[in-house]
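Notes to accompany the following structure.
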Amino acid sequence: MPRRLPPGFYRRPTLKVAEDLIGRVLVHTTREGTTVGRIVEVEAYIGETDPACHAAPGWTPRNAPLYGAPGRAYVYLNYGIHQLVNVVTEPEGVPAAILLRAAEPLEGLDLMRRRRDRRGSGRALERMELCRGPGNLTKAMGITLAQNRSALDESDFYLGDSPATRGKDPGTCDPTLAVVGWSPRIGIRVATGRRWRCALAGSPYVSGLRATPAPQIHHSSVAGN
DNA sequence: CGTTCGATGCACT
DNA sequence: GTGCATCGAACGT
């Protein structure tokens, strides 16, 4: 079993946490079973001065989790349909979070398919499609608004150290060796100059491959643990 | 390939 | 009333 990342992991500069998150595993256990995915794509939303951050208008009941303790989940409803999951970063009081956008499915693929399966017609989803995109990821992993504010060091869903395996599939690797690229965040019309989307270079599990410019490779090896 | 567009719910003005 | 940190079906080329 993966080891949970401690709250201190999240109580750091958000861009650093974002980079460190690539290659970690997301685990969620429910009555239905356990699903595990390796994080390959995230986006940072930092502070009231970031116009794309939900904290831009200042504190509200909705965005309150952003101002709370790091290492907790911020889940919200998007477009009335999709539930998007973030992890809160920075010291308490600094509103910032990281949106989980895509993962490489590792365990519980059948359960993911059942959760994703759109009613009626449809071929079986490929592994690559199960957790690609923030709305798809939460659906496949069974994450809902019920997880809002939950503490990842004691919740039944959490982020952890990745298994030691690496390099079996294209674009997969250990977080201590992850080569990441930075690009503009997807789906927003403001602050497009901020390249705060971080993805595992070359991963086929990343979303928006057609829609966005290739991530800029800037670096690097991330200090593990 | 590509682009458009409807579904859908809620926070905030 | 407006505008989303989206998705995928349905079309056009």
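Hydrogens, waters and symmetry mates are skipped; everything else that's a heavy atom, side chains included, is used. Letters go in sequence order (proteins before strands), and every chain restarts at 1.
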message: Between Arg113(A) and Asp110(A), does the salt bridge (Lys or Arg N to Asp or Glu O under 4.0 Å) criterion hold? Intermediate values first, please.
response: CA-CA 5 Å; Arg113(A) 285 200 180 86; Asp110(A) 287 342; 3.8 Å; yes
- prompt: Looking at dA5(C), does its base get a donor-acceptor pair with the side chain of His82(A) below 3.5 Å?
  reply: no
- request: Please determine if a side-chain N or O atom of Arg116(A) lies less than 4.0 Å away from the OP1 or OP2 oxygen of dG8(C).
  value: yes
- line: Closest of dC10(B), dC12(B), dA5(C) to the Leu77(A) side chain is dC10(B)
- prompt: Which of the following nucleotides, dT8(B), dA5(C), dT13(B), is nearest to the side chain of Pro57(A)?
  reply: dT13(B)
task: Determine yes or no for a side-chain-to-main-chain donor-acceptor pair under 3.5 angstrom, with Glu19(A) supplying the side chain and Lys16(A) the backbone.
output: no
message: Please report the distance, rounded to the nearest Å, between CG in Asn63(A) and P in dC4(C).
response: 16 Å
- prompt: Within this structure, what is the CD-to-C1' distance between Gln83(A) and dA11(B), rounded to whole angstrom?
  reply: 16 Å
- request: Please answer whether dA5(C) and Tyr45(A) are stacked, defined here as ring centres separated by less than 5.5 Å and planes angled under 30°.
  value: yes
message: By nearest atom, which of the nucleotides dT6(C), dC10(B), dC12(B) is closest to the Pro61(A) side chain?
response: dC12(B)
message: If you compare every side-chain N and O of Asn136(A) against the phosphate oxygens of dG8(C) (OP1, OP2), does one of them come in below 4.0 Å?
response: yes
- request: Scan Leu99(A) against the nucleic acid and name what it touches under 4.0 Å (heavy atoms): base, sugar-phosphate only, or nothing.
  value: base
Arg72(A) charged N/C atom sitting above Tyr74(A) aromatic ring, 6.0 Å / 45°: no
task: Mind checking which stems touch DNA chain C? I mean at least 3 consecutive Watson-Crick or G-U pairs, both distances under 3.5 Å.
output: B:1-7 with C:6-12, B:9-12 with C:1-4
message: Taking the basic N atoms (NZ, or NE/NH1/NH2) and the acidic carboxylate oxygens, is any pair closer than 4.0 Å for Glu104(A) and Arg127(A)?
response: yes
Among dA5(C), dC4(C), dC12(B), the one nearest Arg62(A) by side-chain distance: dC12(B)
query: So what does Asn86(A) hit on the nucleic acid, given a heavy-atom distance under 4.0 Å: a base, only sugar-phosphate, or nothing?
result: base
Closest listed nucleotide, where the reference is the side chain of Ile81(A) and the choices are dA7(B), dA5(C), dC7(C): dA7(B)
query: Taking atom C1' in both dG8(C) and dC10(B), what distance in whole Å separates the two?
result: 22 Å
